[in-house]
Amino acid sequence: MTRAHPLDPVVLLGADQQHIATRAQLRRLGVPSGTIAHRLRPGGPWRQVLPRVICLQSGRLTIHQKLRAALAYASPKGRQPQPGEVLLTGFTVLAEAGLPSAGHPADLAEVDVLIPTQRRVSDREFVRVHRASGAMPGGFQRDDGLWSATVARALADVAPQESGQRRFRALCAEAVQWRHCELGELLDQLLARPGALALPQVARVVEDLTAGVRSVVEGEARQVLTHAGLPEPLWNPVLFLNGRFLAVPDAYWPYACVALEIDSRAYHLRPADHERGLARANRLTAAGLPVVRTTPVQLRRDPAPVLHELTALVTTGPHGPHGRISWRRAR
């Protein structure tokens, strides 16, 4: 058996590209078609994972090999893609960014890629193809050399397929709350697609984010308050007492000086968030602000007591330190 020399160009290519290569790359290195076919035989050392895309080893693909293979498949046939010509997008990007609602990268059954609209590439095996409606967006090169769309663009690309409003709302809230993208950038990407606001899930997210909502439970609370006829509060405003920072309540009615806090360990992104929420409510109460506290379960199952308390406070205000409170809208 002849062993490959460590300086063999095929070995070097495999080491540089996580053992993923295209037929065109192998042919440019001088590997004959017959040799490629022989190594791809049943039980051979190589395997074809997608049209034109070969894994230079046997066994199950790793998640990173799948990403590289998907980009290679979606790239222009017979030549190397220009930087940013093909991008990872969709749930692939959201999961790799660590958004809880996107799942773990290793659990994703498909790899989402974004290509120019005129390219003729279709979904295949584990590759799901998205087409840019206009010019390709700007992407960035990851540490592993693969090109990716931004989180904001990835959210815009999954929006048409996410008919369920709850998960899409959660994804957008997580992206903004964890600072994976700026609010303005996300809104720009969501609204760039023609007819975007005709999609209920996009219209709801845009409305919530613009209002200052930054979580799923806040979005649900906003719907409950609206249906009950309560005035629209400020969502996540920064409050100051005598010019000094006080707190950022979930919701606040400035003319009444009333705050709403939604307590839920399950819906805070990190355990420490729940503890900070409790401390925040205590600071508001200590400052003399009426604080109505509830939970997501109560808002869903029996919101009447909370709505009654809020209505009584909002309609009889202002309360407490109203004249000493100033505020700034959520960013």
Novice: Among the clusters formed by ILVMFWY side chains lying less than 4.5 Å apart, do V291 and W253 turn up in the same one?
Specialist: no
Novice: Report yes if some heavy atom in the side chain of L225 is under 4.5 Å from a heavy atom in the side chain of L260; otherwise report no.
Specialist: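 They are in side-chain contact.
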Novice: Please check if the side chain of D157 supplies one atom and the backbone of G90 the other of a donor-acceptor pair under 3.5 Å.
Specialist: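 Judged by distance alone, no pair lies under 3.5 Å.
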Novice: Indicate the atoms forming the closest heavy-atom contact of W46 with V10, along with that distance.
Specialist: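 Here W46 and V10 meet closest at CZ2-CG1, 4.0 Å.
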Novice: Are the side chains of E162 and L199 in touch, meaning some heavy atoms are under 4.5 Å apart?
Specialist: no
Novice: Are R119 and V129 close enough that some pair of their side-chain heavy atoms sits under 4.5 Å apart?
Specialist: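 SC-SC contact between R119 and V129 ruled out.
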Novice: Could you give the distance from CG (L94) to CD (E174), rounded to the nearest 0.5 Å?
Specialist: 9.5 Å
Novice: Considering the options D263, L299, V217, which one meets the side chain to side chain contact (heavy atoms under 4.5 Å, CB included) requirement together with T294?
Specialist: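 That would be L299; it is the only one of D263, L299, V217 passing the side chain to side chain contact (heavy atoms under 4.5 Å, CB included) with T294.
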Novice: Using modelled atom types only, decide if a donor and an acceptor are shared between the side chain of R214 and the backbone of L209 within a distance under 3.5 Å.
Specialist: yes
Novice: With salt bridge (charged side-chain N to carboxylate O under 4.0 Å, His left out) as the test, pick out the partner of E261 among R293, R283, R280.
Specialist: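 Between E261 and the candidates, salt bridge (charged side-chain N to carboxylate O under 4.0 Å, His left out) is satisfied uniquely by R280.
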Novice: Would you say that more than 12 heavy atoms from the other residues, nucleotides or ligands in this model lie under 6.0 Å from the CZ of R142, or not?
Specialist: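 For R142, atom CZ is crowded (more than 12 foreign heavy atoms under 6.0 Å).
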Novice: Taking side chain to side chain donor-acceptor pair (under 3.5 Å) as the definition, give me every residue that meets it alongside D250, ordered by chain and number, with sequence neighbours left out.
Specialist: none
Novice: When you look at I63 and L108, which way does the side-chain contact (heavy atoms from CB on, under 4.5 Å) test go after all the steps?
Specialist: CA-CA 9 Å; I63 179 59; L108 296 181; 5.6 Å; no
Novice: Is P321 close to L289 at the side-chain level, that is, under 4.5 Å between some pair of heavy atoms?
Specialist: yes
Novice: According to a hydrophobic-cluster definition based on side-chain heavy atoms being under 4.5 Å apart (Ile, Leu, Val, Met, Phe, Trp, Tyr only), do L71 and V127 belong together?
Specialist: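 Linked within one cluster.
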Novice: Out of curiosity, T210 OG1 to L183 CG, how far, rounded to the nearest 0.5 Å?
Specialist: 6.5 Å
Novice: I'd like to know whether CD of E182 has more than 12 heavy-atom contacts from other residues, nucleotides or ligands below 6.0 angstrom.
Specialist: no
Novice: Would you say the side chain of P254 lies within less than 4.5 Å of the side chain of I325, judging by non-hydrogen atoms?
Specialist: no
Novice: Would you kindly say whether Q18 and T62 are connected by a side-chain donor-acceptor distance under 3.5 Å?
Specialist: no
Novice: Show your working on side-chain contact (heavy atoms from CB on, under 4.5 Å) between W147 and V86 and close with a plain yes or no.
Specialist: CA-CA 7 Å; W147 280 82; V86 181; over 6 Å; no
Novice: Could you check whether any side-chain heavy atom of H130 comes within less than 4.5 Å of a side-chain heavy atom of R153, counting everything from C-beta outward?
Specialist: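 Of all side-chain heavy-atom pairs linking R153 with H130, none is under 4.5 Å.
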Novice: Do NZ/NE/NH1/NH2 and the carboxylate oxygens of D112 and R128 come within less than 4.0 Å?
Specialist: yes
Novice: Side-chain contact, heavy-atom cut-off 4.5 Å: R167 with L171?
Specialist: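 Sidechains of L171 and R167: in contact.
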Novice: Starting at CH2 of W327, measure out to SG of C257 and round the result to the nearest 0.5 Å.
Specialist: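 That separation rounds to 13.0 Å.
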Novice: I want to check something: taking the side chain as every heavy atom from C-beta on, are S148 and E96 in contact at a cut-off of under 4.5 Å?
Specialist: no
Novice: E110 and T92: which non-hydrogen atoms are nearest, and at how many Å?
Specialist: O-OG1, 3.8 Å
Novice: Keeping Q201 on the side-chain end and A159 on the backbone end, is there a donor-acceptor pair under 3.5 Å?
Specialist: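 Checking the backbone N and O of A159 against the side chain of Q201, a donor-acceptor pair under 3.5 Å is found.
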Novice: Count I, L, V, M, F, W, Y as connected when their side-chain heavy atoms are under 4.5 Å apart, and connections chain through other members. Are V93 and L146 then in the same cluster?
Specialist: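 V93 and L146: one cluster.
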Novice: Provide the closest heavy-atom pair for A95 versus G103 in the form atom of the first, atom of the second, distance.
Specialist: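 Looks like CB-O, 3.4 Å.
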Novice: Sequence neighbours excluded, which residues qualify as side chain to side chain donor-acceptor pair (under 3.5 Å) partners of R41?
Specialist: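 Result, side chain to side chain donor-acceptor pair (under 3.5 Å) vs R41: H38.
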Novice: CD1 of I115 to CZ of R120: how many Å apart, nearest 0.5 Å?
Specialist: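 Going from CD1 on I115 over to CZ on R120, the span is 11.5 Å.
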Novice: Might you work through the side-chain contact (heavy atoms from CB on, under 4.5 Å) test for F140 and L87, ending with a clear yes or no?
Specialist: CA-CA 9 Å; F140 66 94; L87 301 173; over 6 Å; no
Novice: Hey, what do you get for CH2 (W178) to CG (L99), rounding to the nearest 0.5 Å?
Specialist: 7.5 Å
Novice: Look at the side-chain heavy atoms of Ile, Leu, Val, Met, Phe, Trp and Tyr, link any pair under 4.5 Å apart, and say whether V53 and L88 land in one connected group.
Specialist: yes
Novice: Measure the spacing between CG of L234 and CZ of R328 and express it to the nearest 0.5 Å.
Specialist: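 L234 CG to R328 CZ: 12.5 Å, rounded to 0.5 Å.
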Novice: Is it the case that atom CZ in R131 sees more than 12 heavy atoms from other parts of the structure closer than 6.0 Å?
Specialist: yes
Novice: Distance-only, no hydrogens or angles: does the H319 side chain make a donor-acceptor pair with backbone N or O of V258 under 3.5 Å?
Specialist: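 Answer holds: no.
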Novice: Would you say V158 ends up clustered with V151 if hydrophobic residues are merged whenever their side chains have heavy atoms under 4.5 Å apart, either directly or through other cluster members?
Specialist: yes
Novice: Where do Q189 and A156 come nearest, in terms of heavy atoms and distance?
Specialist: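 Smallest heavy-atom distance, with atoms named: O-CB, 3.5 Å.
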Novice: Indicate the atoms forming the closest heavy-atom contact of P51 with Y73, along with that distance.
Specialist: O-CD1, 3.9 Å
Novice: Might you work through the side-chain contact (heavy atoms from CB on, under 4.5 Å) test for S75 and E85, ending with a clear yes or no?
Specialist: CA-CA 8 Å; S75 296; E85 189 174 7; over 6 Å; no
Novice: Side chain to side chain contact (heavy atoms under 4.5 Å, CB included) with P137: which of T150, L114, T89?
Specialist: L114
Novice: For V213 versus G219, what's the shortest heavy-atom pair and its separation?
Specialist: CG1-N, 3.5 Å
